[in-house]
Amino acid sequence: MASQSAIGIHDLSFATTEFVLPHTALAAHNGTDIGKYHLGIGQHSMSVAAADEDVVTLAAAAAEPLIARHGTDRIRTVVFATESSIDQAKSAGVYVHSLLGMPSYTRVVELKQACYGATAALQFAIGLVHRDPEQQVLVIASDVSKYELDSPGEATQGAAAVALLVGKDPALVRIDGPSGLFTADVMDFWRPNYRESALVDGQESITAYLQAVEGTWKDYTEQGGQALDAFSAFCYHQPFTKMAHKAHHHLLSTCGYDTDAVDVKRLIGRTTAYNAVVGNSYTASMYLGLAALLDHPEDLTDQDVGFFSYGSGSVAEFFAGRVVPGYRKHLRTEQHREAIDRRGTLDYAAYRELHERSFPTDGGDHPTPVQTTGSFRLAALRGHKRIYERR
Ligand code: HMG
């Protein structure tokens, strides 16, 4: 039987949107000092979905390179984590399965618990691989984060998808040891079925996040986890990048460390490059942090990384991973930079128009304007059915 230490993330790829809105444009619109965005929350720009992009097109774009490299023979499960779901019944993953031409002998399911969903998917995937180490699981985290225009949350929007191939003898990160878990019934952030944008109590959400950091760490320690200083880096869920720094300061003081004596910037700074320019990608956010960490030029071979995954509402998990020797050969650093650099810059008016866009609900034929230059697009809503195409 395969041991826990031999299972983990074998490959990772992310995709983001056609467009980007710089925070300078948002600040000029609402009269905010840019220092609040750049330093106060640590965000420089946000990815904005084109009219013909959604969680499915982003997910297909993220997963396509994994399928191209590894094929589909061993993938018998696709778990799609999202909180910007497009259907109450059908899994968004089934559309992706079809767009990528995957075989019918696959189980496909969608998972939801706010931003935590992808971590649940990863843990379930590890369980499936334990059961049959010859199988691989495709985990996809894909989200478009949307708050009300002119609300405090607006500056933390973003969108991206991360695809992870989970299997035995992973080439990137082994997931090791116990998990620290924490669930609390809080209304810090939620989105009722009838709303497109999330509702949030900003300060309450930060407090709830920090309580979850404490709660998961306590449980992780009680489960026999490693000491805090065993980790070379920490990948936090990043609703905005400053939150990761806040969280780590909080964890250090909870554990009795003098935060001035610890180089928090070094422990967190290598995980924030992508999130600072993509924005909150909800379920994908922590894994975008991992992508940035692995793509960073500093070698991480055999080093331990701590992961803190948080989903409002709330469920959180702390777990550890060890970076595998030779991991650099398998990275997609250039493709990741290209995904970010290729985005077209929107002005504020164009962003606002996209934000306000929604499909009529009359069951008619509603084609979308051709905007994305990516391989997958949402071509229309026709007879209440989403019509996707692959170029
Ligand atoms: P706000 O009221 O606009 O901002 O809301 P603020 O007044 O709290 O200022 C933010 C920071 O900027 C502060 O720093 C200010 O001092 C600083 P802090 O005190 O926190 O260290 N600041 C400046 N710095 C430099 N120069 C300046 C300047 N002015 C102010 N000129 C808030 C901010 C994050 C609450 C808001 O954007 C929001 O509601 N965001 C959405 C909720 C959110 O992201 N919550 C995070 C935790 S919950 C979570 O992570 C889950 C989530 O991802 C959803 C899910 O799980 O599905 C959201």
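Nothing fancy with the numbering, it's 1 onward along the sequence. Each ligand, and each atom within it, is numbered from 1 in the order the structure gives.
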Original post:
Are any non-hydrogen protein atoms located under 4.0 Å from atom 15 (C) of ligand 1?
Top reply: no
**OP:** Check whether any protein heavy atom sits under 4.0 Å from atom 32 (C) of ligand 1.
**Re:** no
Heavy-atom contact under 4.0 Å between [X] and ligand 1?
| X | value |
| --- | --- |
| Lys242 | yes |
| Gln203 | yes |
| Gly311 | yes |
| Tyr116 | no |
| Gln238 | no |

Looking only at the aromatic ring of each residue, does the gap between the centers of [Y] and [X] stay below 6.0 angstrom?
| X | Y | answer |
| --- | --- | --- |
| Phe318 | Phe308 | no |
| His366 | Phe359 | no |
| His38 | His23 | no |
| Tyr236 | His248 | yes |

Looking at [atom], what's its closest protein heavy atom, distance included?
| atom | value |
| --- | --- |
| atom 34 (C) of ligand 1 | Phe240 CE2, 3.4 Å |
| atom 18 (P) of ligand 1 | Lys246 NZ, 3.3 Å |
| atom 53 (O) of ligand 1 | His237 NE2, 2.8 Å |
| atom 42 (C) of ligand 1 | Val200 CG2, 3.6 Å |
| atom 29 (N) of ligand 1 | Lys36 CB, 3.4 Å |
| atom 57 (O) of ligand 1 | Glu83 OE2, 2.4 Å |
| atom 26 (N) of ligand 1 | Gly35 C, 3.3 Å |
| atom 36 (C) of ligand 1 | Pro152 O, 3.6 Å |

**OP:** Answer yes or no: does an N/O atom from Leu39 fall short of 3.5 Å to an N/O atom of ligand 1?
**Re:** no
Original post:
When only distance counts, is Ser205 in polar contact with ligand 1, meaning an N/O pair under 3.5 Å?
Top reply: yes
**OP:** Evaluate whether atom CD of Glu356 has more than 12 neighbouring non-hydrogen atoms of other residues, nucleotides or ligands under 6.0 angstrom away.
**Re:** yes
Original post:
Are more than 12 heavy atoms from other residues, nucleotides or ligands located less than 6.0 Å from atom CZ of Phe124?
Top reply: no
Check ion pair [X]-[Y] (N to O, under 4.0 angstrom):
| X | Y | value |
| --- | --- | --- |
| Asp11 | Arg69 | yes |
| Lys146 | Glu196 | yes |
| Arg174 | Asp176 | yes |

**OP:** Search all heavy atoms of Gln43 against all heavy atoms of Asn275 and return the closest pair with its distance.
**Re:** NE2-O, 2.9 Å
Subject >> Shortest heavy-atom approach to atom 41 (C) of ligand 1 - which of Trp190, Tyr236, Tyr37, Tyr147 >> reply: Tyr147
Heavy-atom contacts with [X] under 4.0 Å: which atoms of ligand 1 show up? List them by number with element.
| X | value |
| --- | --- |
| Gly202 | 35 (C), 39 (O) |
| Ala114 | 55 (C), 56 (O), 57 (O) |
| Thr156 | 37 (O), 40 (N), 41 (C) |

**OP:** Any chance you could lay out the side-chain hydrogen bond (donor to acceptor under 3.5 Å, both in side chains) test for Tyr209 and Asp188, step after step, and finish with the verdict?
**Re:** CA-CA 9 Å; Tyr209 181 120; Asp188 59 331; over 6 Å; no
Subject >> Trace of the ring pair (Phe, Tyr, Trp, His ring centres under 6.0 Å) decision for Tyr287 with Tyr274 >> reply: CA-CA 10 Å; Tyr287 297 94; Tyr274 296 146; over 10 Å; no
Original post:
Does Val96 belong to the same Ile/Leu/Val/Met/Phe/Trp/Tyr cluster as Val79, with side-chain heavy atoms less than 4.5 Å apart forming each link?
Top reply: no
